[in-house]
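The next block holds one structure in the form of C-alpha cells; read it before the comments.
When a residue number appears, it is its place in the shown sequence, counting from 1. None of these values were measured; they are calculated from a predicted model.
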Amino acid sequence: MLNDLKSDCKNCFALCCVALPFGKSHDFPFSKEGGIPCRHLCSNNMCAIHDQLKGKGFNGCVTYECFGAGQHVSQTIYSGKDWRKDSQHAEEMFAVFPIVQQLHEMLWYLKQALTLKETQPLHDHLQQTYHDTVKLTKKHPKEILELDIMGHRSIVNGLLTKTSQWYRKDFMNKNKRIMETNDLIEESLVGSDLKGEDFRGKLLIAADLSNSDLRKADFIGADLRDAKLYGADLTGALFLTQSQINSAKGDSRTKIPSYIEKPGHWR
Ligand code: SF4
C-alpha cells in the first residue's frame with residue numbers, strides 16, 4: 001500500500017548518511033556535521049556496519065526512514081548524478097533532501113488517511129492535498145529550498161487531525177491520564193484498554209505497553225524508543241511508521257498493522 005513511499009537505499013546516494021547531522025547520544029556513538037559523510041559509509045553508498053548498527057550504538061540509523069525521499073532526490077530531482085561526481089550540486093542536494101523527506105512523510109500519512117473508509121467524507125480534501133504535496137516534490141531544487149514547508153505542514157496536520165478524529169470517534173477521551181500529559185516516559189500501562197487512544201506527539205520512551213489493546217490508536221509523532229510492546233495488539237493503529245516500530249521492543253505475539261514489517265531484532 002505504502003511501498004512507493006519507503007526507502008530504497010539501492011537507488012539512493014546514501015543521502016541520510018551524508019546530508020544529515022547527528023550528535024553523540026543514545027542514538028549515535030559520535031557526532032557528525034551535515035554534509036559530511038559518516039565514517040562508516042563506503043564508496044558504493046553502502047554502510048560498512050549495516051548488520052551491527054544496534055550493537056554499535058547507531059539506534060538513530062535503525063529507526064530513520066526517508067519515506068522514499070532519498071531515491072526521489074537522487075534519481076528524479078538530480079537525474080541519477082551522484083554527489084561525489086557532481087560537487088557543484090552536492091551542497092544543494094544535501095539541503096534539498098531533508099525538505100523532500102518532510103514532504104514524503106506528509107505524503108505517507110495522507111496516503112494512509114486515504115485508505116480509511118471511516119474518513120470517506122474527507123477523501124476529496126485529502127486527495128487534493130496529496131496532489132498538491134506531490135507537486136511540491138516535483139519542483140526545481142531552487143524552488144524546493146524556498147518552500148514554506150511549515151505552512152504546508154500546518155495544512156496537512158489540520159487534515160490529519162480531522163482524519164484521526166473521524167477514525168477514532170467511537171473511542172475518544174477514554175483515558176484522562178493519557179489525555180492530560182505528554183510525558184509517559186517509563187509509564188507502566190501493561191494490559192490496558194487503550195483502543196483508539198490519542199498518542200500523537202507523546203513521549204512513550206521505555207513505557208511498558210505490553211499486552212495492551214492499542215487497536216486504532218493514533219501514534220503520529222509519538223516517541224516509541226524502547227517502548228515495550230510485548231504481546232500488544234496494534235491492529236489498525238493509525239499513523240504508525242516503520243521507524244517507530246523499529247525503535248520499540250516487541251515479540252512474536254505483538255500484532256502490528258499490515259503495512260508494517262516486524263523488525264528483525266524483535267524476539
Ligand atoms: S552508521 Fe551506517 S547507516 Fe548510519 S549514518 Fe553511518 S553509514 Fe549511514
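- The side-chain heavy atoms of L203 and N182, taken from C-beta on, include no pair separated by under 4.5 Å.
- Taking CG from N44 and SG from C42, the interatomic distance works out to 5.5 Å, rounded to the nearest 0.5 Å.
- Expressed to the nearest 0.5 Å, how far CG of L136 lies from CG of D148 amounts to 10.0 Å.
- Nearest heavy-atom pair across C66 and Q71 is SG-OE1, 4.5 Å.
- In terms of modelled atom types and a separation under 3.5 Å, the side chain of K262 and the main chain of G250 share no donor-acceptor contact.
- We find that R168 and E118 are not joined by a salt bridge, their nearest charged nitrogen and carboxylate oxygen being 4.0 Å or further apart.
- In terms of modelled atom types and a separation under 3.5 Å, the side chain of E105 and the main chain of F67 share no donor-acceptor contact.
- No salt bridge links E197 with K202; every basic N to acidic carboxylate O contact stays at or beyond 4.0 Å.
- Of the residues listed (Q112, H104, K111), the one engaging W108 in a side chain to side chain contact (heavy atoms under 4.5 Å, CB included) is Q112, and it is the only one.
- The number of heavy-atom neighbours closer than 6.0 Å to NZ of K32, taken from other residues, nucleotides and ligands shown, is above 12.
- Side-chain atoms of D251 come within 3.5 Å of backbone atoms of T254 as a donor-acceptor pair (strictly under, hydrogens ignored).
- When each of Y78, F13, F94, F97 is paired with W83, the ring pair (Phe, Tyr, Trp, His ring centres under 6.0 Å) condition holds for F94 and for no other.
- The 12-atom threshold is exceeded at NE2 of H265, counting heavy atoms of other residues, nucleotides or ligands nearer than 6.0 Å.
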Would you please test T161 and R200 for side chain to side chain contact (heavy atoms under 4.5 Å, CB included) and show each step?
-> CA-CA 9 Å; T161 301; R200 44 175 47 220; 3.2 Å; yes

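- Taking the six-membered ring for Trp and the full ring otherwise, the centers of F30 and F58 sit less than 6.0 Å from each other.
- More than 12 heavy atoms of other shown residues, nucleotides or ligands fall within 6.0 angstrom of atom CD in E180.
- Residue Q88 places its CD atom among 12 or fewer non-hydrogen atoms of other residues, nucleotides or ligands, all under 6.0 Å distant.
- In terms of heavy-atom proximity, P29 sits nearest to G57 at CD-O, 3.5 Å.
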Evaluation steps, side chain to side chain contact (heavy atoms under 4.5 Å, CB included), between F199 and L224 | CA-CA 10 Å; F199 290 109; L224 285 165; over 6 Å; no

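- Side chain of N11 to backbone of S74: no donor-acceptor contact under 3.5 angstrom is found.
- N45 places none of its side-chain heavy atoms less than 4.5 Å from the side chain of C12.
- Seen from the ring of Y167, K216 counts as a face-on cation partner, given the 6.0 Å and 45° thresholds.
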Starting from the C-alpha separation in whole Å, work towards a yes-or-no answer on side chain to side chain contact (heavy atoms under 4.5 Å, CB included) for K54 and N59.
-> CA-CA 5 Å; K54 250 194 175 293; N59 297 307; 3.4 Å; yes

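- Without hydrogens or angle criteria, S7 side chain to C9 main chain gives no donor-acceptor distance under 3.5 Å.
- Checked against R153 for a side chain to side chain contact (heavy atoms under 4.5 Å, CB included), the options I149, I155, N157 give a single hit: N157.
- Between the side chains of S43 and R84, no donor-acceptor pair is found at a separation under 3.5 Å.
- The minimum heavy-atom distance linking F28 with G23 is given by the pair CB-O, 3.6 Å.
- Open room surrounds NE2 on H125; 12 or fewer heavy atoms of other groups in view lie less than 6.0 Å from it.
- Between the side chain of T63 and the backbone N or O of S247 there is no donor-acceptor pair closer than 3.5 Å.
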Walk me through it: do L53 and C47 pass the test side chain to side chain contact (heavy atoms under 4.5 Å, CB included)?
-> CA-CA 9 Å; L53 286 171; C47 170; 4.1 Å; yes

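- No hydrogens or angles considered: a donor-acceptor pair under 3.5 Å links the side chains of D233 and T235.
- Side-chain atoms of W266 come within 3.5 Å of backbone N or O of A248 as a donor-acceptor pair.
- A donor atom on one side chain and an acceptor atom on the other are not found under 3.5 Å apart for N246 and S243.
- Look at D213 and R215 and you find a salt bridge, because one of the NZ, NE, NH1 or NH2 atoms lies within 4.0 Å of a carboxylate O, short of that distance.
- In terms of modelled atom types and a separation under 3.5 Å, the side chain of S25 and the main chain of D27 share a donor-acceptor contact.
- The shortest heavy-atom contact between A227 and L204 is CB-O, 3.5 Å.
- A donor-acceptor pair shorter than 3.5 Å can be found between the side chains of T133 and H152.
- By the 6.0 Å contact criterion, CD on E91 is open, its count of non-hydrogen atoms from other residues, nucleotides or ligands being 12 or less.
- Between the side chain of Q244 and the main chain of F219, a donor-acceptor pair closer than 3.5 Å is present.
- Checked by atom type and distance alone, the side chain of T163 pairs as donor or acceptor with a backbone atom of L159 at under 3.5 Å.
- Among all heavy-atom pairs drawn from H72 and V100, the shortest one is CD2-CG1, 3.9 Å.
- Between E146 and K139 there is no salt bridge, since no side-chain nitrogen of the basic residue lies less than 4.0 Å from a carboxylate oxygen of the acidic one.
- Open room surrounds NZ on K24; 12 or fewer heavy atoms of other groups in view lie less than 6.0 Å from it.
- Residues D124 and Q128 have side chains that never bring a donor and an acceptor to within less than 3.5 angstrom of each other.
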